[in-house]
Each structure stands twice: as structure tokens, then as C-alpha cells.
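Inspection log for the structure reproduced underneath, given as C-alpha cells.
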Amino acid sequence: MRIALVGAGAFGEKHLDALKTIQGVTLTSVISRRLDQARAVADTYGAAHAGTDLGEVLARPDVDAVILCTPTQMHAAQAKACMDAGKHVQVEIPLADNWADAQAVWRKQQETGLVCMVGHTRRFNPSHQWLHRRFISGDLSLQQMDVQTYFFRRQNMNAKGEPRSWTDHLLWHHAAHTVDLFAYQSGRIVQANLVQGPIHPDLGIAMDMSIQLKAETGAICTLSLSFNNDGPLGSFFRYICDKGTYIARYDDLVTGRDEHIDLSQVDVSMNGIELQDREFIAAIREGREPNASVARVLPCYETLHRLEQQLSG
């Protein structure tokens, strides 16, 4: 399996670390906005080609699939371009920053029949997998999910503290993780409400949001998001169930009483990004639809669209 990475920033390198663990995968090319960065990452990870233009990758016969870790605003157009060129594609979350573009990517996937997967990593984290299996089996019933997604990002910086060329968004990026996960764990979302705080004068985005969701099962979700939080960073998921409470933070899981749960037997790795990439590669090799395919995550983006409509009227 010959892979090209487009977008060699902080998250792109997480994918490259994951790909090194998967047998039979070759990194063919690294594309980034700056050629010096692309070359440095290509040298580090053993790719023969580096460049600055997605078109270079799409014209190469030695590329089977592309992983897109580019700015949000580029995702939809680049995903469609990959499929038009006959390449399978994994596009990092979010699929798009509007409902029309999300639908357009889904239509292109239906037209081409290629694998198009979206980086909804929460479906793959061992912590959430452990709970998902118990929800499916009926051993547990989710009553409420309480989620905090917090960052301290009052300037336009990436996860490595470097200046960004684009602006992130709480609703279309960070809320997408929880909206999709809640539906994945509890069923179709039937009610969604949103309020947001003041708009940042320079960034032009809301720095704080609160979202309420209800699933067809009756379970509810409360999601708080902030770029203003001066404290522990990241996302914390509290699952309040009929038999116990569980707290997930990425790949780790504890009970509501802070008792550690052994997840070492959940999957072949304890790294959610690696498991996500393994699913992408396996779906291509096996000719099947992957978990987190564009079709399976599309309802998440419809919910985000409905929430955005509440803000506009």
C-alpha cells in the first residue's frame, strides 16, 4: 500500500508514526505548504518525494491512497480531487466546514466507489471501543454523556505552538468529534441545541460554545467547548450509564471512582490514530466500507449544519 501524506504539520506526523507500525505500507510522498518542511519530514520518514502541490501526488502512479491533514477549508475540495484521480482518501476531521460540501464529498464517493474515510478518531480509541462493545451487547445503557473540550488558543496557533495559516473552529472541527461519537454510542440524534459566547475580534470565531444533544434512545449529551480555558487541555468524556460511570480521555479509561480499566486486549494497539489508519488500510485491501466512512459520519455534519442554522436565525 503506497501512501502520500498531504499536510506535514503536527497531526500529519502522528499519522506517519502510525503508518510505520503497519506492515506492507510505504510512504511515497510528503506534501506541505513549505517545501523545506515537506523535505525535512520526507527525509525523517523515508519518503522518496516531497513537494508543495497536491497535483504532484495525484499524477503519480506509485500512490494508491492519500491522507489529508490540511486546513479545514481545503478538505472537501481536496478529497474530491483525490477520488477524481482514482486515489483512496482519508481526510482528517472535519470532512468539511459546511453541509453542502460534506454532501458533495459523499456523492463523489458514491460515484467512484473508492474508500473515503474521515478521521473520526473517537470511534477507534480503545477507551471508547471498550464502551461501544458494551452498549452494543446490552451490558450497559448510556444515560448521559458529559464532555469538555478545552484549549487555550487566543492566538492562531497549532498544537505545536506554531503560527497557523488558517483559523480553527469549535463547531465544525472540535464539536464534530463528540457529535459523531454520541450518535455512534447511543443512536440517531433527534434534538440539538447550541449557544455561543462572544466573537473574537481578530480571529472572527466564537471562543466558547455549549451544545445539548438528545438521541432517539433518550440519552442526552452536554458538550462544553472553549479556546479560553487556562488549564488542562484536550477532551474529557464522562459516560453516565445505568451501571456505573466511566471517564475516557483519548485512549485511557477509568471508572467514576478513578479506578483504572485495562484496555490492553481491546485491539492490536493502544493508539487510536494507529487503529484509525489500520482501518483505512484494511478497508482498501479488503474492498469494503470502513468504520468512519464518509457515509457513516455524514449525519454528524447534518447535525452541525442544523446547529449553525440556529446561530443564523
Side-chain angles (χ1 to χ4, degrees), residues 1-96 105 108-109 111-119 121 124 158-160 162-166 269 271-287 290 292-294:
M1 189 66 60
R2 300 166 298 180
I3 304 293
L5 175 79
V6 182
F11 216 82
E13 292 189 14
K14 290 180 182 291
H15 281 284
L16 294 181
D17 288 334
L19 292 174
K20 288 192 302 183
T21 70
I22 304 174
Q23 188 174 9
V25 171
T26 300
L27 179 65
T28 300
S29 175
V30 174
I31 300 294
S32 195
R33 184 169 56 91
R34 299 192 339 260
L35 184 57
D36 61 328
Q37 181 187 39
R39 285 175 172 164
V41 173
D43 288 345
T44 299
Y45 289 92
H49 174 261
T52 60
D53 184 1
L54 173 64
E56 297 177 51
V57 160
L58 301 186
R60 294 182 68 97
D62 58 350
V63 171
D64 301 309
V66 178
I67 297 178
L68 296 173
C69 297
T70 50
T72 294
Q73 295 83 358
M74 298 179 175
H75 285 182
Q78 290 182 333
K80 289 188 293 180
C82 290
M83 288 183 280
D84 278 333
K87 314 295 186 186
H88 304 285
V89 61
Q90 179 183 181
V91 52
E92 254 312 324
I93 196 169
L95 171 63
V105 177
K108 180 61 66 177
Q109 189 283 320
E111 171 192 323
T112 63
L114 293 163
V115 171
C116 180
M117 177 173 159
V118 190
T121 314
F124 302 95
N158 67 14
K160 297 171 73 173
E162 301 166 340
R164 247 189 184 139
S165 61
W166 55 285
S269 169
N271 183 332
I273 302 297
E274 177 188 332
L275 296 174
Q276 173 183 317
D277 287 346
R278 285 183 177 276
E279 173 67 1
F280 179 53
I281 301 301
I284 297 171
R285 286 173 171 163
E286 297 165 15
S293 68
V294 61

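Any value given below was found using the heavy atoms of this structure, including those in side chains, with hydrogens, waters and symmetry copies removed. The model shown is predicted, which means the values in this text are computed figures rather than measured ones. When a residue number appears, it is its place in the shown sequence, counting from 1.
Taking both residues in full, the closest heavy atoms of Arg2 and Pro61 are given as NH2-O, 3.4 Å, listed atom of the first, atom of the second, then distance. Shown here for Leu58 and Ala81, the closest heavy-atom pair between the two residues is CD1-O, 3.7 Å. A pairwise comparison of heavy atoms in Leu114 and Gln109 identifies O-NE2, 2.8 Å as the closest pair. Taking all atoms of both residues into account, the shortest heavy-atom contact from Pro290 to Ala283 is CB-CB, 3.6 Å. The shortest non-hydrogen separation linking Ala8 to Ser32 is N-OG, 3.7 Å. Scanning all heavy atoms of the two residues, the minimum distance from Gly51 to Leu35 falls at CA-CD1, 3.8 Å.
Side-chain contact, Gln90 with Glu279: no donor N or O sits under 3.5 Å from an acceptor N or O.
Counting heavy atoms from C-beta outward, Val63 and Lys87 have side chains that approach closer than 4.5 Å. Residues Asp64 and Ile284 have side chains not in contact (no heavy-atom distance under 4.5 Å, counting atoms from C-beta outward). Contact annotation: the side chain of Lys108 approaches that of Asp84 to within less than 4.5 Å [non-hydrogen atoms, C-beta and beyond]. Counting only heavy atoms from C-beta outward, the side chains of Glu111 and Met83 never approach each other to under 4.5 Å. Glu13 has its side chain within reach of Tyr45: a pair of non-hydrogen atoms, C-beta onward, lies under 4.5 Å apart. Side-chain contact between Val105 and His75 is absent, with no heavy-atom pair separated by less than 4.5 Å. Between Ile3 and Val25 the shortest side-chain heavy-atom distance falls below 4.5 Å. Val115 places none of its side-chain heavy atoms less than 4.5 Å from the side chain of Ser293.
Rounding to the nearest 0.5 Å gives a distance of 11.0 Å between CG of Leu19 and CD1 of Ile273. Atom OG1 of Thr21 and atom CD of Glu274 lie 3.0 Å apart (nearest 0.5 Å). Here Ile22 contributes atom CD1 and Ile281 contributes atom CD1; the two are 5.5 Å apart, rounded to the nearest 0.5 Å. Atom CE of Met1 and atom CD of Gln23 lie 12.5 Å apart (nearest 0.5 Å). Separation of atoms CG (Leu5) and CG (Leu16) is listed at 4.5 Å; rounding is to 0.5 Å. Here His49 contributes atom NE2 and Ile31 contributes atom CD1; the two are 5.0 Å apart, rounded to the nearest 0.5 Å.
Ion pair Glu56/Arg60 not flagged as a salt bridge, since none of the NZ, NE, NH1 or NH2 atoms sits closer than 4.0 Å to an Asp/Glu carboxylate oxygen.
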* Run the side-chain contact (heavy atoms from CB on, under 4.5 Å) check on Leu95 and Val294 step by step: do they pass? -> CA-CA 8 Å; Leu95 171 63; Val294 61; 3.5 Å; yes
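Under a cut-off of 6.0 angstrom, the local environment of NZ in Lys80 is crowded, with over 12 non-hydrogen atoms contributed by other residues, nucleotides or ligands.
Legend: residues meeting salt bridge (Lys or Arg N to Asp or Glu O under 4.0 Å) with Asp43, ordered by chain and number and at least two apart, are absent. Among residues two or more places apart in sequence or in another chain, the ring pair (Phe, Tyr, Trp, His ring centres under 6.0 Å) test is passed with His15 by Phe11.
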